[in-house]
Amino acid sequence: MNTEHWTKAELRARLLAWYDANARALPWRVGPAERARGVRPDPYRVWLSEVMLQQTTVAVVRRYFARFTELWPRVEDLAAASEAQVMAEWAGLGYYARARNLHACARIVAEAGGRFPSTREGLEKLPGIGPYTAAAIAAIAHDAPEAVVDGNVERVMARLHAVEEPLPKAKPRLAAHAAALVSPHRPGDFAQAMMDLGATVCTPRAPACGRCPLAFACAARASGLARELPRRAAKTPKPRRRGIAYVARRAGDGAWLLERRPPRGLLGGTLGWPVSEWTEGDAPAPAPPLAAEWSDAGARVRHTFTHFHLELEVFVTLAAPGVEPRRGSFVPAEAFRAEALPSLMRKVHAVAREHPAIAAVS
DNA sequence: TATTCGTGGCG
DNA sequence: TCGCCAAGAAT
């Protein structure tokens, strides 16, 4: 029983009208005006942007998206790259399983003629494409009438309907609300409008209800709850772990000792400095990757991951030219780029490079 | 169903 | 300094 004095059609119309006037200009987006003229976005660019945007802010994705599409303008180009190249370019973006899945997905699609599936069901079979991303590509690239439910949409729905149940338990309810609203006429624009609204107006901390095209229908607005919703289940505190990072340069040619991490798990598949185990209680056991005189670089590296804090001691050494490392391999100085390392490892590099034993080399 | 997976910006 | 959170997926 709908006891509201507004209809879903009216709500859709208000949102789309707002989007027509306020859509963000994004490099991977075909705006509402162009779209009205029949222009459709390139599914490859939609896919690439959506994967990058998973749990990641637009500001950061802009830079990476520009670089990726410059290097690899088509899915076949990305498929032809090596996984190491893709990992190096992804470095700093986080959630590195995305990069591995991105590359695997590109090879599957390229092998299949370079065409992405056009349905949500087909898309969801590909690595790295889950329910959200499949629906987003289907709606945005193909105008399929799919409900696209991300964090923004969940927040908008929680407020619009004053859903008090905390996340993540409320997810099915919020998804149902979103599904009931999907525009049958402009599904792609509707999906992007919902996300723009969440990103620029119905924001987490300080919603700008005065500028919201849906304020007239918003239950949370009416009851003064907008800022409180959506509620979330209490989070468990992050433990603190400690470890040691080892930065070795080779005397003479200045090569750096780096190690590729195992393909799964934390920072899986990325390039980095050899490290000890990371422990919570006891001090970490030393685990130098080669026999040498190691010096404490002094400054500690602090870094916070999704579920723990880490503090790393940094040890450095200048290794003799003929030394054989127990782990990792030497990368020539001219081939080394700190930008190809994940953020944690960049921080280690920034500390190590200040030490005389490291700085003195070439 | 609950964990595990990065990072940077902001209040 | 610190907790919160962002266009989630995989296991």
Side-chain angles (χ1 to χ4, degrees), chain A residues 24 26-29 45-65 87 90-102 104-105 123-141 146-156 167-169 171-172 175 178 188 191-200 202-207 227-240 261-270 272 301-311 339 341-347:
Chain A
R24 286 177 293 175
L26 300 171
W28 48 85
R29 169 179 287 178
R45 293 167 65 89
V46 174
W47 163 72
L48 180 59
S49 67
E50 288 299 341
V51 173
M52 286 183 168
L53 286 162
Q54 289 165 8
Q55 299 290 286
T56 308
T57 56
V58 167
V60 176
V61 168
R62 280 180 182 274
R63 301 195 295 270
Y64 284 82
F65 183 83
M87 295 306 291
W90 194 273
L93 246 196
Y95 287 137
Y96 296 95
R98 292 186 297 173
R100 302 192 302 272
N101 286 329
L102 186 85
C105 183
L123 287 159
E124 208 167 341
K125 291 189 173 72
L126 294 167
I129 300 182
Y132 162 77
T133 305
I137 298 171
I140 296 170
E146 299 286 352
V148 178
V149 186
D150 70 337
N152 287 308
V153 176
E154 286 180 342
R155 184 171 58 256
V156 172
L167 287 168
K169 285 195 74 169
K171 279 177 177 287
Q192 295 176 92
M194 290 285 288
M195 292 190 281
D196 274 22
L197 186 72
T200 65
C202 195
T203 55
R205 305 277 198 148
R227 215 186 44 162
E228 315 293 325
L229 301 181
R231 303 193 193 286
R232 293 177 187 278
K235 296 182 169 61
T236 60
K238 296 185 200 318
R240 299 190 173 280
R261 295 176 62 87
R264 298 178 193 286
L266 191 71
L267 303 178
T270 65
V301 166
R302 302 170 71 86
H303 193 77
T304 299
F305 291 101
T306 311
H307 51 293
F308 65 93
H309 301 286
L310 178 66
E311 183 175 310
E339 303 76 40
L341 306 180
S343 292
L344 167 67
M345 300 299 177
R346 292 181 195 174
K347 290 183 187 177

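Scope of the values below: all heavy atoms of this structure, side chains included, with no hydrogens, waters or symmetry mates. Just so we're on the same page: letters track the sequence lines, and every chain starts at 1.
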Q: Determine the contact category for A:T133: base if any of its heavy atoms lies under 4.0 Å from a base atom, sugar-phosphate if only primed atoms, P, OP1 or OP2 are that close, otherwise nothing.
A: sugar-phosphate
Q. If you round to the nearest 0.5 Å, how far is CG of A:L93 from CD of A:Q55?
A. 13.0 Å
Q: Establish, from distance only, whether the side-chain atoms of A:R29 and A:Q192 form a donor-acceptor pair under 3.5 Å.
A: yes
Q.
Both A:T57 and A:P131 contact DNA chain C. Taking the nearest nucleotide for each, which residue is further toward the 5' end?
A. A:T57
Q | Minimum side-chain heavy-atom gap A:W90-A:M52 below 4.5 Å | A | yes
Is there any protein nitrogen or oxygen under 3.5 Å from a nitrogen or oxygen in nucleotides 1-5 of chain B, and what are the pairs?
| unit_1 | atom_1 | unit_2 | atom_2 | d |
| --- | --- | --- | --- | --- |
| B:dC5 | OP1 | A:L266 | N | 3.3 |
| B:dC5 | OP2 | A:H307 | NE2 | 3.1 |

Q. Strictly under 6.0 Å, is that where the ring centroids of A:H303 and A:F305 end up?
A. yes
Q | For atom CD of A:E50 and atom C1' of C:dA9, their distance in whole Å | A | 14 Å
Q. Distance-only, no hydrogens or angles: does the A:R240 side chain make a donor-acceptor pair with backbone N or O of A:E311 under 3.5 Å?
A. no
Q.
What's A:L26 touching, base or sugar-phosphate or nothing? Going by heavy atoms closer than 4.0 Å.
A. base
Q) About how many Å separate CG of A:L267 and CE of A:M87, when rounded to the nearest 0.5 Å? A) 9.0 Å
Q: Identify the heavy atoms of A:T270 and A:P342 that sit nearest to each other, and give their distance.
A: OG1-CG, 3.8 Å
Q: To the nearest Å, give me how far apart CZ (A:F305) and P (B:dG8) are.
A: 11 Å
Q | Approximate separation, where rounding is to 0.5 Å, of A:D196 CG and A:C202 SG | A | 12.5 Å
Q) What distance separates A:L310 CG from A:K347 NZ, expressed to the nearest 0.5 Å? A) 9.0 Å
Q) Rounding to a whole Å, what distance do you find between A:N101:CG and C:dG8:C1'? A) 12 Å
Q) Which part of the nucleic acid, if any, lies within reach of A:R155 when heavy atoms closer than 4.0 Å are counted: base, sugar-phosphate only, or nothing? A) sugar-phosphate
(Q) Counting the atoms with a prime plus P, OP1 and OP2 as sugar-phosphate, which does A:G92 contact under 4.0 Å by heavy atoms, base, sugar-phosphate, or nothing? (A) sugar-phosphate
Q) For the pair made of OH in A:Y132 and P in C:dA10, what is the distance, rounded to whole Å? A) 14 Å
Q: Find the distance A:R63:CZ to B:dT7:P and express it as a whole number of Å.
A: 13 Å
Q. A:W90 near the nucleic acid: base, sugar-phosphate alone, or nothing, with a heavy-atom cut-off under 4.0 Å?
A. nothing
Q. Between CG of A:L126 and OG1 of A:T133, what distance do you get to the nearest 0.5 Å?
A. 11.0 Å
Q. Rounded to the Å, how far apart are A:I129 CD1 and C:dG8 C1'?
A. 12 Å
Taking N or O atoms only and anything under 3.5 Å, show me the protein contacts with nucleotides 2-4 of chain C, one pair per line.
| unit_1 | atom_1 | unit_2 | atom_2 | d |
| --- | --- | --- | --- | --- |
| C:dG3 | N2 | A:R205 | NH2 | 3.1 |

Q) If you measure from the P atom in B:dG6 to the same atom in C:dT11, how many Å do you get, rounded? A) 14 Å
Q | Under-4.0 Å side-chain N/O to phosphate OP1/OP2 contact, A:H303 with B:dG6 | A | no
**Q.** Nucleotide nearest A:Q54 (side chain, heavy atoms from C-beta), chosen from C:dG8, C:dA6, B:dG8
**A.** C:dG8
Q. Base, sugar-phosphate alone, or nothing: which one does A:V58 contact when heavy atoms must sit under 4.0 Å apart?
A. base
Q.
From CG of A:L102 over to P of C:dG8, roughly how many Å is that when rounded to an integer?
A. 16 Å
**Q.** Spacing of A:E311 atom CD relative to C:dT1 atom P, expressed in whole Å
**A.** 11 Å
